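For clarity, every value in this text was computed on a predicted model and none was experimentally measured. Order of the sequence lines sets the chain letters (A, B, ...), proteins ahead of strands, with each chain counted from 1.
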Protein chains: 2
Amino acid sequence: MDIHDYMQTLGRQARAASRVLATASTADKNAALVAMAAAIREQTGELLAANARDLDEARAAGLEAALIDRLTLTAKGIEAMAEGLEQVAGLPDPIGEITDVKRRPSGIQVGKMRVPLGVIGIIYEARPNVTADAAALCLKSGNAAILRGGKEALHCNQAIAQCVRTGLAAAGLPETSVQVVETTDRAAVGHLITMPEFVDVIVPRGGKGLIERISKEARVPVIKHLDGNCHVYIDRDADVAKVVPIVENAKTQRYGTCNTAESLLVAREVAPRLLPEIGRMLATKGVEMRGCEQSLAILRAAGIAADKLRAASEQDWSEEYLAPVIAVKVVADLDEAIAHINTYSSGHTEAIVTENYTSAMRFLREVDSSSVMVNASTRFADGFEYGLGAEIGISTDKIHARGPVGLDGLTSQKWIVFGNGEIRG
Amino acid sequence: MDIHDYMQTLGRQARAASRVLATASTADKNAALVAMAAAIREQTGELLAANARDLDEARAAGLEAALIDRLTLTAKGIEAMAEGLEQVAGLPDPIGEITDVKRRPSGIQVGKMRVPLGVIGIIYEARPNVTADAAALCLKSGNAAILRGGKEALHCNQAIAQCVRTGLAAAGLPETSVQVVETTDRAAVGHLITMPEFVDVIVPRGGKGLIERISKEARVPVIKHLDGNCHVYIDRDADVAKVVPIVENAKTQRYGTCNTAESLLVAREVAPRLLPEIGRMLATKGVEMRGCEQSLAILRAAGIAADKLRAASEQDWSEEYLAPVIAVKVVADLDEAIAHINTYSSGHTEAIVTENYTSAMRFLREVDSSSVMVNASTRFADGFEYGLGAEIGISTDKIHARGPVGLDGLTSQKWIVFGNGEIRG
């Protein structure tokens with residue numbers, strides 16, 4: 001197979017399908033999603049068998065346990081995938097929505113209509129459920145999709161793709177609306193991200209290495225999600241009752257998520273009073289604290305075990321640990337906190353704990369991250385928690401989509417004009 | 001001068017200035033704009049002298065008349081530039097605006113806050129007024145700007161830049177908020193579009209060649225405006241009284257603008273009745289018609305002079321003439337009109353003339369262009385006509401900004417969360 005020709009063919013087919021999807025009715029799109037869910041449930045045995053083949057090959061290739069874990073599909077996981085498709089069917093259809101219509105002095109009425117982007121390329125790693133999730137979000141938002149999953153999940157992804165096609169066909173929509181790249185040749189990715197004539201945007205879902213490489217080489221826009229070095233700042237005027245619950249939730253509810261706090265900043269005036277209690281909670285949970293000199297002194301004096309304390313290096317201020325580790329720094333005031341965050345943060349999510357109105361509003365305004373919070377856990381930075389109903393990813397970019405990206409992030413708005421014979425003077 | 005080091009320095013300074021501008025008060029930004037306008041008025045003599053130097057060099061280099069025309073600055077043009085700055089001062093400040101706040105089941109309230117993009121790189125050609133316009137729009141939207149004008153306008157651009165700096169200094173804002181590249185070395189552009197660490201978006205303003213080259217080589221997002229092959233479609237159910245005025249205005253009000261109609265489609269059923277009148281109007285205005293077989297037959301039979309008629313080639317359906325020429329095609333119906341537009345249009349602006357509700361709504365929904373109109377002239381596709389107050393350009397992209405781009409197009413929205421101690425369950 002000539003990989004260039006193959007990808008061009010997928011691209012051409014996706015572009016043609018996107019024209020049909022752009023004007024497909026909500027009922028047809030929803031019917032396809034529901035039929036996909038039914039096919040996935042029906043094919044549970046086949047999906048598990050395909051997954052078993054992938055897992056055998058992965059074990060034979062000596063892949064690490066974490067990857068095997070992400071690759072593994074269970075009957076429960078398959079049911080969750082089907083339910084996910086039905087949930088997307090239940091979301092409001094964003095396409096065709098008319099907003100912001102205003103009458104102009106010329107007499108015309110100008111507004112906006114939400115439309116699909118066209119063709120979305122999704123590049124992801126081991127998790128097979130992304131195949132169904134991404135297909136659903138692209139379809140509901142009227143976009144055609146080309147999906148390129150990790151080579152470890154090839155058999156499973158192809159089996160899921162078959163269910164997706166069954167669903168599309170049942171609703172009378174083109175089967176090429178969602179295409180899964182059926183080659184493990186790495187060159188396929190290189191082609192996918194350099195076909196602006198066929199692909200409108202790339203959404204990479206995976207590790208930082210994958211995303212950096214794609215951003216560097218892409219010739220089409222990329223909605224990218226780099227790392228999440230999220231901060232919690234305990235202000236001088238923090239409500240003591242809110243401090244420990246927020247730090248605990250932000251850091252320890254889950255260690256491996258991008259909206260987990262990785263850095264804690266504490267205002268100097270309240271550090272001696274608040275850090276000991278925070279430190280005891282973190283130590284109890286088994287979290288290692290990498291502190292500045294001042295914070296270490298306070299934590300040591302409070303009797304935190306030495307094996308939970310370590311001096312922070314410059315590198316620690318930028319680190320996304322994804323582990324029971326947190327960087328801790330005492331800062332002079334709000335100004336230093338904001339400056340520190342805007343220097344070291346990855347621009348994902350930051351929270352301030354304060355009762356001071358002006359400090360809260362300044363933090364919201366001046367911190368340059370995709371989500372900025374007052375008195376809430378950073379763990380809320382999530383499409384479902386924000387009410388988007390679904391999430392294709394979290395963007396750390398500023399262009400087009402920022403923060404959690406739902407169906408709207410896969411759409412654009414065109415201008416529409418309602419006239420009555422007006423001409424320009 | 002090492003051009004790489006020079007551009008890196010501009011970039012670093014712009015990034016630093018952008019941090020200040022992001023939180024600058026509306027009053028300070030407006031004061032800077034008003035002081036720039038005053039400086040430009042005061043320096044009218046110096047600006048004219050600098051322009052005279054540019055014009056001398058341009059003439060000596062044998063530049064074509066159209067370019068010399070675009071390069072020429074008059075006292076009236078300088079006053080218009082100053083007034084433009086004052087108008088931008090009068091626009092509402094988009095930055096910091098909080099919208100869409102909703103309470104979620106968890107108790108948090110989630111909304112959006114409008115923020116600047118950061119640093120905008122503007123690359124343009126001969127027109128010196130772009131220097132002042134672009135500086136104003138970037139400043140008002142809280143962004144730092146690096147401006148790279150055409151080498152033909154170097155002296156004039158530097159003189160305008162001096163007025164811009166005077167205005168910034170008067171308001172206590174960093175003079176590096178707006179920097180004009182002071183070298184004519186073409187390598188400067190190559191560096192400007194490949195510094196993602198310092199530049200957040202590039203807005204090229206100029207010919208198609210410039211924009212295509214920049215899009216191809218840029219390593220940062222580009223808000224680009226390619227050509228405008230705009231269509232007017234006369235539907236079977238068109239109101240006869242609206243047909244000729246709309247075609248006349250769309251095609252002949254100005255020939256050189258991107259929202260001028262370049263293609264006319266007429267439904268077969270009404271072509272024999274409506275095309276003759278349209279043809280006579282166009283011929284009277286001196287517009288050449290490049291027609292399909294059917295339209296030529298009707299136009300000839302109507303007595304349109306042979307020197308105004310020509311057979312259209314395939315190429316004509318995609319052409320942006322920017323001249324008194326229009327492509328004319330008889331189409332079977334609305335379906336063929338939409339298919340033709342979605343095949344040949346550049347995705348800028350299209351209009352339908354119809355009294356039929358369903359045809360109007362289908363045209364709005366199914367035509368994939370940045371502006372789609374019913375019963376109005378394509379000439380309305382313009383930031384001022386749409387009520388944006390100002391326009392940095394017209395985007396033919398779908399990502400981030402589509403159609404006329406005003407201040408909002410130079411901004412992004414971050415998520416904000418108002419909490420009261422909530423943690424995620």
With a 4.5 Å limit on heavy-atom distance, are the side chains of [X] and [Y] in contact?
X	Y	answer
B:Ile98	A:Met361	yes
A:Leu410	A:Asp408	no
A:Asp335	A:Arg362	yes
A:Ile394	A:Val405	no
A:Leu334	A:Glu336	no
A:Trp415	A:Asp100	no
B:Val119	B:Asn143	no
A:Lys224	A:Ile214	no

>> What part of A:Pro116 gets within 4.5 angstrom of chain B, counting heavy atoms only: side chain, backbone, both, or neither?
In response: backbone

> Relative to chain B, which segment of A:Lys216 carries a heavy atom at a distance below 4.5 Å: side chain, backbone, both, or neither?
Replying inline: both

> Is there a side-chain contact (heavy atoms from CB on, under 4.5 Å) between A:Lys251 and A:Val232 once you walk through the steps?
Replying inline: CA-CA 9 Å; A:Lys251 180 66 231 180; A:Val232 175; over 6 Å; no

Mind listing the side-chain donor-acceptor pairs of residues 104-113 of chain B below 3.5 Å, one per line with the distance, residues two or more places apart or on another chain?
from, atom 1, to, atom 2, distance (Å)
B:Arg104, NE, A:Glu385, O, 2.8
B:Arg104, NH2, A:Phe384, O, 3.2

So for [X], is it side chain, backbone, both, or neither that comes closer than 4.5 Å to the heavy atoms of chain A?
X	value
B:Arg219	side chain
B:Ala218	backbone
B:Ile223	neither
B:Lys414	both
B:Pro221	side chain
B:Arg19	side chain
B:Val115	side chain
B:Ser371	both

>> The criterion is ring-ring contact (aromatic ring centres under 6.0 Å, His included); which residues satisfy it with A:His400, sequence neighbours excluded?
In response: none

Who among [options] has the most heavy-atom pairs with chain A under 4.5 Å?
options	value
B:Thr378, B:Asp397, B:Asp239, B:Val367	B:Val367
B:Val222, B:Thr23, B:Ile399, B:Val243	B:Ile399
B:Ile423, B:Leu364, B:Val374	B:Ile423
B:Val201, B:Thr411, B:Asp382, B:Val372	B:Val372
B:Ser215, B:Ala401, B:Ala381	B:Ser215

> Between B:Glu422 and B:Asn420, is there a donor-acceptor pair closer than 3.5 Å when you use the side chain of the first and the backbone of the second?
Replying inline: yes

>> Can a donor-acceptor pair be found, under 3.5 Å and without considering hydrogens, that links the side chain of A:Glu97 to the backbone of A:Arg114?
In response: no

>> Sub-4.5 Å heavy-atom contacts with chain A: which residues of residues 337-349 of chain B show up?
In response: B:Asn342

>> Sub-4.5 Å heavy-atom contacts with chain A: which residues of residues 352-360 of chain B show up?
In response: none

>> Quick test of your reading of the model: are B:Arg402 and B:Asp368 salt-bridged, counting only N-O distances below 4.0 Å?
In response: yes

>> Using a strict threshold of under 4.0 Å (side-chain N to carboxylate O), is an ion pair present between B:Arg15 and B:Asp200?
In response: yes

>> So, applying side-chain hydrogen bond (donor to acceptor under 3.5 Å, both in side chains) with B:Ser377, which one of B:Thr260, B:Asn249, B:Asn259 is it?
In response: B:Asn249

Heavy atoms only, distances under 4.5 angstrom: which of [options] has the most pairs with chain B? Name it, please.
options	result
A:Arg424, A:Lys242, A:Gln413	A:Arg424
A:Ser369, A:Gly403, A:Ser370	A:Ser370
A:Arg365, A:Met373, A:Glu248, A:Glu366	A:Arg365

> Going from CG on B:Leu117 to OG on B:Ser141, what distance comes out if it is rounded to the nearest 0.5 angstrom?
Replying inline: 7.5 Å

> Around atom CZ of A:Arg12, are there more than 12 heavy atoms of other residues, nucleotides or ligands at under 6.0 Å?
Replying inline: yes

